[in-house]
K.L.:
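A single structure is presented below for examination.
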Amino acid sequence: MKLILAFSILFLSCIHGASSDSGFFTAMYSLGDSYIDAGNFVIMAAALDPPFPSWHDRLPYGMTFFGHPTGRLSDGRNTIDFIAQEFGLPLLGPSLLNNYDASKGVNFAVGGAPAIDVDYFERNNIVQFKLLNNSLSVQLGWFEQLRPAICNKTEISGCGGCFSKALFFVGEFGVNDYNFLWFAGKTEDEVMSHVPTVVQNIATAVEGLIKGGAVYVVVPGNPPLGCSPTMLTSRSGLNTTEYDDMGCLIDVNRVATHHNSRLRVAIVSLRGRYPRATIILADFYSPIIMILRNPSHYGVAEADALRACCGAGGTYNWNGSAICGMPGATACDNPSAFVNWDGVHYTEATNGYIADWWLHGPFADPPIMSVVRY
Ligand SMILES: *[C@@H]1O[C@H](CO)[C@@H](O)[C@H](O)[C@H]1NC(C)=O
Ligand SMILES: *[C@@H]1O[C@H](CO)[C@@H](O)[C@H](O)[C@H]1NC(C)=O
Ligand SMILES: *[C@@H]1O[C@H](CO)[C@@H](O)[C@H](O)[C@H]1NC(C)=O
Ligand SMILES: *[C@@H]1O[C@H](CO)[C@@H](O)[C@H](O)[C@H]1NC(C)=O
């Protein structure tokens, strides 16, 4: 208790020097999966013996912004890239690359990362292939390893603490956990039964970071996976009663919304226990629904709303035997006229809208810019 009190007093007496709006955060650290991976999957997969194939290590990935593949799973920037730019920070490099300036931030996210440790899915025969060992807890381990190079224990807390002006991201997590289960043919009840563990793991990670000195933590929820070309194609031919008015799968989205509401409860509880930390709940669900409900407002043709930009045909322009990056798949001419990039991930244009709504509202609680103090 004494320790907590001491920290509180330190925080209360914080007087931040004048700084510009855009320069408030001096570093960003992110844990997550393929929605924000900036190259870790490609590096991990290539290091395996035999190497695990990646399909996003080549064009058309990166075609819009970078002009070359970066390991990001989009045609351009992801959401945290836009947010880093807003604060004048460099785009975060993948942690496994080791040639970045860690003092300005590092991205630990890896494509395919679940919130539950990967051996759970292997042991229970939920996946029939070897997974990369990239779960949330493994990423936290990488962060702990790097910590001494960024910040020494004695200086982690208070205004002078080296994380006091760092913006942390934890997630999105959960999509891979639920995807493994859906693709294994599990029922909605079975998928649903994993939600408490997934949310608990996320909450525990957030709590660990706060105890380690993090002050600002953004926690994104799950997107509407039931609207993704991959899921829609894989579970095609269902009774029309299984689809909502947008054409999305009701059961898959019900799990996502349940995850999101439990995540909110967990975050509210953490806020109560760590009042000096600012925990931002970022809504990853509503932005996509908002665009799908009114695609033309965002420059997307009605008929393309649920179709991937990059694919090989079919109703949703997604085919598992020729996914984006493989021979036979091609990208649309104008990715910004699509919501979805490759069947799972979003186009740079969509990522830009999401980032804007997280920074300025309405889809973050509270919006990131509203917590910036001078
Ligand atoms: C994953 O890595 C962690 C940390 O290095 C290790 O403890 C764990 O045993 C590994 N799990 C698997 C399934 O390889
Ligand atoms: C923290 O301490 C270690 C060991 O003394 C040192 O090597 C490292 O440079 C220090 N890190 C910072 C950010 O000062
Ligand atoms: C679709 O589901 C409804 C309600 O469960 C049922 O009445 C109908 O027969 C089903 N249609 C088909 C083609 O299976
Ligand atoms: C996917 O591609 C394969 C090979 O080109 C083809 O046989 C199959 O019909 C395609 N599936 C869909 C759903 O378009």
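First listed ligand is number 1; within each ligand, the first listed atom is number 1. FYI, the numbering just counts along the sequence from 1. Just the heavy atoms: all of them, side chains too, but no hydrogens, waters or symmetry mates, feed the values below.
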K.L.:
Would a line drawn from the ring center of Phe66 to the ring center of Tyr61 be shorter than 6.0 Å?
P.N.:
no
K.L.:
Which atoms of ligand 4 are found less than 4.0 Å from any heavy atom of Ser321?
P.N.:
1 (C), 2 (O), 3 (C), 4 (C)
K.L.:
Looking only at distances, please establish whether an N/O atom of ligand 4 is found under 3.5 Å from an N/O atom of Asn319.
P.N.:
yes
K.L.:
Could Lys165 and Tyr216 be counted as a cation-pi pair, given that NZ or CZ must be under 6.0 Å from the ring centre and within 45° of the axis?
P.N.:
no
K.L.:
Can you tell which of Asp81, Asp37, Ile36 makes a side-chain contact (heavy atoms from CB on, under 4.5 Å) with Arg72?
P.N.:
Asp81
K.L.:
Is it true that Thr187 and Asp189 share a donor-acceptor pair across their side chains at a distance under 3.5 Å?
P.N.:
no
K.L.:
Give a yes/no verdict on a cation-pi contact between Arg307 and Tyr316, requiring under 6.0 Å between NZ or CZ and the six-membered ring centre and an angle within 45° of the axis.
P.N.:
no
K.L.:
Does the protein come close to atom 9 (O) of ligand 3 - that is, does one of its heavy atoms sit below 4.0 Å from that atom?
P.N.:
no
K.L.:
Within the structure, does at least one protein heavy atom fall under 4.0 Å of atom 5 (O) of ligand 3?
P.N.:
no
K.L.:
Of all the non-hydrogen atoms in the protein, which one sits nearest to atom 2 (O) of ligand 1, and at what distance?
P.N.:
Asn133 ND2, 2.3 Å
K.L.:
Check ligand 3 against Thr241 and write out every atom of the ligand that is under 4.0 Å from a heavy-atom position of the residue.
P.N.:
2 (O)
K.L.:
Would you tell me whether Asp117 and Ser137 have side-chain atoms, one donor and one acceptor, within less than 3.5 Å of each other?
P.N.:
yes
K.L.:
Out of Asn239, Leu238, Thr240, who gets a non-hydrogen atom closest to atom 11 (N) of ligand 3?
P.N.:
Asn239
